[in-house]
2 protein chains.
Amino acid sequence: MNIYDIAMEAGVSPATVSRVVNGNKNVKDETRKKVLKIIEEKKYVPNSLARNLSVGDSQNIAFLAPDIENPFFSKIFHGLLDTANQYGYNVFMYGTNDDLLTEHRILDEIKKEMIKGIVIIPISDKDKGTAERLEKIQKNQIPVVLLDRDICQSDFDGVFSTDYEGACEGVQCLIRAGHKKIAIITGELDTRPGRERFRGYKKALKDADIKQRTEYIVNGMFKEAESYDACKRLMEIDDRPTAIFTSSNLTTLGCLKYLKKNNLKIGRDISLVCFDEIRELQYSDICLTVVDRPIYEMGCAALELLEYNFLMENKMKNERIVKKTNLLKTKLIVRGSEKYVV
Amino acid sequence: MNIYDIAMEAGVSPATVSRVVNGNKNVKDETRKKVLKIIEEKKYVPNSLARNLSVGDSQNIAFLAPDIENPFFSKIFHGLLDTANQYGYNVFMYGTNDDLLTEHRILDEIKKEMIKGIVIIPISDKDKGTAERLEKIQKNQIPVVLLDRDICQSDFDGVFSTDYEGACEGVQCLIRAGHKKIAIITGELDTRPGRERFRGYKKALKDADIKQRTEYIVNGMFKEAESYDACKRLMEIDDRPTAIFTSSNLTTLGCLKYLKKNNLKIGRDISLVCFDEIRELQYSDICLTVVDRPIYEMGCAALELLEYNFLMENKMKNERIVKKTNLLKTKLIVRGSEKYVV
């Protein structure tokens, strides 16, 4: 009898059972009573309690992210933390600062006594050093969940967003507005989000019979400074694009910085559709059409997946059934920056 | 012989010694050699090593903040984490969600075996529940450092910014631009930043012989929705203000949201000076004059103060000499939103 059995019996989610057990207020009275009744009937001992009884069993989750100041990562972290609190876990956050050596060093220091599970946004999906370390860690009974970014040819569980579909939809929005000269500032192509969003761009052009032009494809590496330079290169082309698709929040900021510095106006000199919302800009004159994502929920989902691994661990021991991947859906928010102006 | 003695002998900061000991790359070769030589001569055993040898001595710092998604707090957290990494500590971040009961619960759970020190941005500086818990924790040899917000009549060490002087300077900038009808959207007045920034506003008006008008003082509670309402109240006054001073980044966002919704333009309908930078807005049409702060450095300073407490602990045992307070300086950045327009 575990938390999932209780949840099924009560017809609620495991997270709700956890909330009841941990005295969280966000549960309807009726639901709370039902869950508590089943817990009593089945003489269920909540996992967190059971775990606390076994000495030396750590309640700590390690979360590794490339850049902890990026609002995208703080929002994910918020979701992770809230869900971890429900289950009674602590979360250690580590910033890898986009530096593979730092990422390796942190992974090398992780020990079973200290860390119960890992959620990681890996810097690169092609880096063997990180992949091998994570495999070793998982073999050592510490489950690993990838978040936002994948690791090639690995079988780690992961939570991602529909980057391909989202980007495709964003570029289609530009096409519908009448654009044919559409550029992209890509992200780091050694990551799933970078690659998939680029693939979405290409797909949208192809479907609309628009020829892909090499000079319209520039790399912003998901970084502000690089995206500034990328935007500069695009705007200096003689036959310059009428629209740009940006691949992330920092890509957008770099692009906006260049436009502002050169007194180029969205809706007069260039059109934009951007991946990821930038909340602060909503109250300025810049009304961006964006591909938005449930970022907070991605953090929650990663922790839930980890918890599922903990519960399965006892049942399955070393056998992993299948790689579990949760894809969270993007949503296009149209605000006018896609409009075509001659 | 501790890290401070080594630092003094080498003529460098304790953080530099720590960087050398921990193999951090950001140290000049010459400095590294000098420090290593002194360490060898004095047969100094780095604290982190010594600590790791004593079983049960935790290397974990708890960091409590009211809202972990606020970019202000993520930036502080970044400074904390970077400095913690240098000393070989882990940081647990806890979101108290502006809820006193959550804050109390987290503090109740903190145990000496788990947590070595606490950095906290307390929700309120008047709450006895939090104050008593922190005092008990500190008596139990877990040092506490307050960050950004104070606790009344306590003797905890703290890192704050020059809120009073900064706000005063911001409002003076409006006065110099010709404004006489200057309103303020205050922050939570049960916090040091809220109270001190309000005090700075009053001081600037008084020095310029401008009479304070009750209807021009509205409370935004440091929250976006409340600040939206506060801005609404100000703009609906018959003899409405020509300028608003906002008390925080979220205060500013609430204010901007109202202005945008009602098609009111900065520089035409209202002038603004704001406490705290909003980075993302720099690339929009909104060029805000802001009172900026070294936020990342505040996080670093809090961790350094904690480390200083750890080192002193062995020497002083229970006696605390004096309350140590580090005040970090604000800086006015003038960008034009203060300009007076008839």
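Every chain is numbered from 1 and lettered A, B, ... according to where its sequence line falls, protein lines coming before strand lines. The figures here come from the full heavy-atom set of this structure, side chains too, leaving out hydrogens, waters and symmetry mates.
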Considering only heavy atoms, which portion of A/E109 lies under 4.5 Å from any heavy atom of chain B: side chain, backbone, both, or neither? neither
Please say which of B/E224, B/E69, B/E280 ends up in a side chain to side chain contact (heavy atoms under 4.5 Å, CB included) with A/R279. B/E224
If you measure from CG on A/L259 to OG on B/S284, what distance do you get to the nearest 0.5 Å? 12.5 Å
Look at B/I278, B/I106, B/V91 and state which one has the largest set of heavy-atom pairs under 4.5 Å with chain A. B/V91
Interface check, chain B: of A/K265, A/K257, A/K261, A/K260, most non-hydrogen pairs under 4.5 Å belong to A/K257
Given that the side chain runs from C-beta out, which part of A/Y296 has a heavy atom under 4.5 Å from chain B: side chain, backbone, both or neither? side chain
Taking side chain as C-beta onward, heavy atoms only, is B/N97 less than 4.5 Å from A/D82? yes
Measure B/N70 against the heavy atoms of chain A and call it side chain, backbone, both or neither at under 4.5 Å. neither
Sort A/L250 into side chain, backbone, both or neither according to what part of it lies under 4.5 angstrom from a heavy atom of chain B. side chain
So, B/N90 and A/Y94: side-chain donor and acceptor under 3.5 Å apart, yes or no? yes
Do you know which of A/L256, A/L281, A/L81, A/L253 has the most heavy-atom pairs under 4.5 Å to chain B? A/L253
So B/Y228 and A/Y283, do their side chains get closer than 4.5 Å, heavy atoms only? no
Structural part of B/I295 lying under 4.5 Å from a heavy atom of chain A: neither
Heavy-atom nearest pair, B/S74 first then A/I68, reads CB-O, 4.1 Å
Measuring heavy-atom distances to chain B, does A/N249 have an atom under 4.5 Å in its side chain, in its backbone, in both, or in neither? neither
